[in-house]
Amino acid sequence: MKQYPNLFNGYMLGTLPLPNRAVLAPMTRTSAEPNGVANDRMARYYSRFAKGGFGLIITEGLYPDEEFSRSYHHQPGIASIAQADSWIPIIQAVHREGGKIIAQLMHAGALVQHDAFTPIAPSAVQPVGTMLEDHGGSGEFAVPKAMTLAEIRRTIEGFKQAALRAKYAGFDGVEIHAANGYLLDQFITDYTNRRTDDYGGATSRRIRFAVEVLRAIRSAVGPDYLVGVRISQGKVNDFDHKWAHGEEDAKIIFGELAAASASYLHTTEYKAWMPAFSDEGPTLAELAKRYSGLPVIANGKLGDPERAEQMLIAGAADLIAVGTSALANPDWVNKIREGGTLRAFDHRFLQPMATLKEEEVLG
């Protein structure tokens, strides 16, 4: 039976002890109640992964405020105490199975999937591509409203309060979603950020919003609470996007986030082991480690344990986040440890909607 000593080694992520290096990646499942409250089906869903051996679970994106942050119908939130309270049974269920769980905080910005919600963004730039049909959208995105400085300040405060609610509920940490085309990534991305103030222009100014969110959260939750940041180049609506200045952008982005006291960075690419900017060179995860000095979670088609183990052996990442392979194998960790055969993921599983299916909550 094949052994994967690095994958199954314990790891101390900040102050959080983990039994292995396997992380459940955040995946939008839009199965909360209409008012954003989490439910029993979600508790059974998340606890299955902890029972299946994942040492750390990162939730789907939770919207942090009631004003502009919601992207999807049936998206869970943490914008109120009632929503935070609804996560307590889920957190307890994961803990009972021996896992840890982090709340991902996600602001939609311009990527709003329904006309009931108002899109805001750094600039009034219509997102490229079309809405995600498997998350209830159709057609082109609306042109968002450019954020005022007052709205920027309110949004930062919203993230801070959401993090405090997550800590109150018992989450083991929070992850700021600054990837995949959502609001913080819209500030980082040159073509969606056309601002001429301190939040636009050079990369060092475009990362400022994410840095200020991180600093506000850190000041509220204290120095020891886990606060990670998810970063990507590609987006759900612009899959192949690359940073214009390549490694120089990586140096600025990762360095600024480290200086703002992030606990870890979570990089996600289509294929995490591929060079970040050309046919050769370091991966995005390697650049994150190089320029931040922080622990790095790598995500992107790493469901093959051989591939995951090699990234760990090479020091290209400290933990491995698995998404669709975990949907096909909620017991991915246990199955690999016991020499079992992994099921291949079939994208039809997410159709017609990427909501929870009965087999995911009933076992």
Side-chain angles (χ1 to χ4, degrees), residues 61 63-65 67-71 105-112 117-129 140-160 162 176-219 229-262 265 267-268 276-277 284 287-288 291-292:
Y63 61 89
D65 66 65
E67 192 172 16
F68 296 115
S69 65
R70 191 174 176 186
S71 181
L105 308 180
M106 184 190 104
H107 193 301
L111 296 192
V112 167
F117 313 138
T118 303
I120 61 171
S123 305
V125 176
Q126 183 179 27
V128 302
E140 295 183 342
F141 290 97
V143 177
K145 173 185 175 297
M147 295 173 72
T148 65
L149 290 176
E151 286 168 339
I152 287 175
R153 287 192 290 272
R154 287 204 305 274
T155 301
I156 293 170
E157 179 68 16
F159 271 100
K160 183 180 85 170
I176 302 165
H177 198 345
N180 301 119
Y182 297 104
L183 180 65
L184 274 69
D185 186 40
Q186 291 158 29
F187 273 85
I188 296 168
T189 301
D190 50 8
Y191 74 82
T192 54
N193 184 346
R194 298 179 182 172
R195 300 181 73 93
T196 56
D197 60 9
D198 290 341
Y199 293 95
T203 306
S204 58
R205 293 201 296 273
R206 286 184 278 112
I207 192 61
R208 178 179 173 180
F209 181 60
V211 164
E212 290 186 356
V213 168
L214 176 55
R215 285 179 175 157
I217 290 175
R218 175 60 71 206
S219 70
V229 184
R230 181 169 164 102
I231 289 285
S232 72
Q233 299 187 89
K235 310 164 194 323
V236 294
N237 62 316
D238 185 3
F239 210 62
D240 299 319
H241 177 262
K242 298 290 185 182
W243 293 335
H245 303 292
E247 190 166 339
E248 182 58 31
D249 279 344
K251 181 178 180 179
I252 294 167
I253 290 167
F254 296 137
E256 289 287 331
L257 293 172
S261 299
L265 297 177
T267 60
T268 178
F277 300 115
L284 195 65
L287 291 170
Y291 293 119
S292 74

* If you look at every heavy atom in Q233 and K242, which pair is closest and at what distance? -> OE1-CA, 3.4 Å
* **D65 and H107, any side-chain heavy atoms less than 4.5 Å apart** => yes
* Asked: If you round to the nearest 0.5 Å, how far is CG of D185 from NE2 of H241?
  -> 8.0 Å
* Could you tell me whether a side-chain N or O of R195 sits under 3.5 Å from a main-chain N or O of P122, the two making a donor and an acceptor? => yes
* Any sub-3.5 Å donor-acceptor pair from Q126's side-chain atoms to P144's backbone N or O? -> no
* Using modelled atom types only, decide if a donor and an acceptor are shared between the side chain of E212 and the backbone of R153 within a distance under 3.5 Å. => no
* **P119 side chain reached by F141 side chain, heavy atoms, under 4.5 Å** => no
* Check whether any side-chain heavy atom of F159 sits under 4.5 Å from a side-chain heavy atom of L214, and report yes or no. => no
* For K145, does the NZ atom sit with more than 12 other heavy atoms under 6.0 Å from it, leaving out its own atoms? -> yes
* For residues T118 and V112, determine if any side-chain heavy atom of one lies less than 4.5 Å from a side-chain heavy atom of the other. => no
* Asked: Are any of the side-chain heavy atoms of F68 and M147 separated by less than 4.5 Å?
  -> no
* To do: Assign the ring pair W243 / F277 to parallel, tilted or perpendicular, where the plane angle (0 to 90°) is split at 30° and 60°.
  => tilted
* Separation between CG of D190 and OG1 of T203, rounded to the nearest 0.5 Å -> 7.5 Å
* Roughly how far apart are L265 CG and L257 CG, rounded to 0.5 Å? -> 6.0 Å
* Asked: Is the centre of the F254 ring less than 6.0 Å from the centre of the Y291 ring?
  -> no
* **Min side-chain heavy-atom separation L184-V229 under 4.5 Å** => no
* Asked: Going by distance alone, is a donor N or O of one side chain under 3.5 Å from an acceptor N or O of the other, for N193 and R205?
  -> no
* **Worked verdict on E157 versus K160 for salt bridge (Lys or Arg N to Asp or Glu O under 4.0 Å)** => CA-CA 5 Å; E157 179 68 16; K160 183 180 85 170; 3.3 Å; yes
* Can you find a pair of side-chain heavy atoms, one from T189 and one from D238, that are under 4.5 Å apart? -> no
* pair N180-L111: side-chain heavy atoms closer than 4.5 Å -> no
* To do: State, to 0.1 Å, how close S232 and G234 come at their nearest heavy-atom pair, and which atoms those are.
  => OG-O, 2.8 Å
* **Contact summary for S71 and F117, nearest pair of heavy atoms** => O-CD1, 3.7 Å
* Distance from I120 atom CD1 to E151 atom CD, nearest 0.5 Å? -> 5.5 Å
